[in-house]
Structures are given as C-alpha cells and as structure tokens.
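Read the structure below first, then the notes.
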Amino acid sequence: DIQMTQSPSSLSASVGDRVTITCRASQGISHYLAWFQQKPGKAPKALIYAASSLQSGVPSKFSGSGSGTDFTLTISSLQPEDFATYHCQQYNTYPITFGQGTRLEMK
Amino acid sequence: QVQLQESGPGLVKPSETLSLTCTVSGASVSSSSYYWGWIRQPPGKGLEWIGYIYYNGSTYYNPSLKSRVTISLDTSKNQFSLRLSSVTAADTAVYYCARAPVPLYSSSWSWGQGTLVTVSS
C-alpha cells in the first residue's frame, strides 16, 4: 500500500495567518491526490482534486500543489471557519489511502 | 446536487454482519460517470477506504477487508449497500458512503453525513 504522511500532525495558527500543510507519498503518485477538510462530527468536504484543481464553490484562499511524492495545501488569510482537520488522499494505486490528518487549531 | 444518506443499525454484535445502505438523490447509481463506495473512520482516527462499485457491478475492495466485504447496487431504489461480515470491536467506526468521479482525477468526491456503527455485545 502507498503510505501517505502528513506534516505537521497538528498546527496552531492565528486568524489572518497563511499556513502550509505537507503530504508525502511513499512512492510516486503523479498528480492523483486530493485534499479534504473535516470539522468535528461532520463528513469530509472536498477542497482540491488532481493535486491543484480547486473544487467548485471552494474559496480561492485554498490552493494545492505538487506532483510525484510531495504535495502541499496552502490556506491564506485564515478565518475562524478554517480551523479543522485536513486530510490528503491518493488515488493513483489501489487501495486508495489517506494521510493521518493535520489538525489546524486556533492559537 | 447529489445527496447521500447512510442508514442501518448503530449497534452490531461481535461475529455478526454489519449492513448499511446508502440512498442517493440527485444522481443515478446507474450512471457510468461515478463509483459508489464506502469509507470508514474509527473514533479519533484517520480515514480508511473500504471499496466501491461501478454501475456495471465491478467492485474494487481494500485488500485488508476484501475477505469480509460485499458492496452491491440496487438500481430500482437508487441505493447501494455495504455488508461487512465477522465484525469485531476494531470495526467500530463512523461509516461514510461516497460518490467518486470516473476517472478519479476528473473531479471531487461527494460524501454522506456518516453513521456511527458500534460493535459490542
């Protein structure tokens, strides 16, 4: 299985900050990566697909980049509603696998 | 806009079979444009892909669960289902149904709200 490792596991930031979350694959996955946001007690919400394509309706302050093994999710100008857990997902190879999640907390 | 809603027992006894159904509205499970699948999340842990089914009945399962999992379609009710046999406490999780695009890189996944299934006697 392809292991997806996110860093950091948790992150404290302030409203207005710009943050970057990293996802590393244990082997190359081209650009077959998605990012999801999950709030407590809620289902994951799609943000980014194909590494850098923004899901319709998602604010442009979310951006994704990378290919191969190293990927990033950047959130600019954090707002209170952005504090959540973020997951990456690879779908290059079965089984589809997810990162362990990055909890973004308010400082 | 597609909506997915999970339903089924919230409590299952060890060694028995977990059965969940996902009812789809706003899209057809007979569409060739999507996979229909299941993901789970144990309390306080990460997401695990269980598998999915295509409109023609082709299935794709996580090898870690393959021997115990069956995903099926009911086109007459626009639903799909999950059966997980011989459950243990390790199968306690929130189970999500989801729609994935074909090809997978072409768009994003849509998720149901999730349902908690507890395995306990």
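Residue numbering restarts at 1 for every chain, and letters A, B, ... go by the order of the sequence lines.
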- [ ] Hey, can you tell me if B/Tyr105 and A/Tyr32 have their rings parallel, tilted or perpendicular (30° and 60° cut-offs)?
- [x] tilted

Using a cut-off of 6.0 Å, state whether more than 12 heavy atoms not belonging to [X] lie near its atom [atom1].
X	atom1	answer
B/Lys77	NZ	no
A/Lys39	NZ	yes
A/Arg24	CZ	no
B/Gln3	CD	no

Task: Output field: ring centroids A/Tyr94/B/Trp49 closer than 6.0 Å - done: yes

TODO: For residues B/Gly112 and A/Ala43, report the shortest heavy-atom separation together with the two atoms involved.
DONE: O-CB, 3.0 Å

TODO: Please report the closest heavy-atom contact between B/Tyr96 and A/Lys42, naming both atoms and the distance.
DONE: OH-O, 3.3 Å

Open item on the list: Heavy-atom cut-off 4.5 Å, strictly under: side chain, backbone, both or neither for B/Ile39 against chain A?
Closed with: side chain

Open item on the list: For B/Tyr52, which atoms come within 4.5 Å of any heavy atom of chain A: side chain, backbone, both, or neither?
Closed with: side chain

Task: Top contributor to chain B interface from A/His31, A/His87, A/Gln100 [non-hydrogen pairs under 4.5 Å] - done: A/His87

TODO: State the OH-OH distance between A/Tyr91 and B/Tyr35, to the nearest 0.5 angstrom.
DONE: 12.0 Å

Are [Y] and [X] connected into the same hydrophobic cluster when the rule is that any two of I, L, V, M, F, W, Y join if their side-chain heavy atoms are below 4.5 Å apart?
X	Y	result
B/Leu20	B/Val24	yes
B/Leu82	B/Tyr55	no
A/Met4	B/Leu47	no

Open item on the list: Using a 4.5 angstrom heavy-atom cutoff, name the option from B/Pro63, B/Ser106, B/Ser110 with the most pairs to chain A.
Closed with: B/Ser106

- [ ] Quick one: which of B/Ser107, B/Gly46, B/Gly114 has the most heavy-atom pairs under 4.5 Å with chain A, could you say?
- [x] B/Ser107

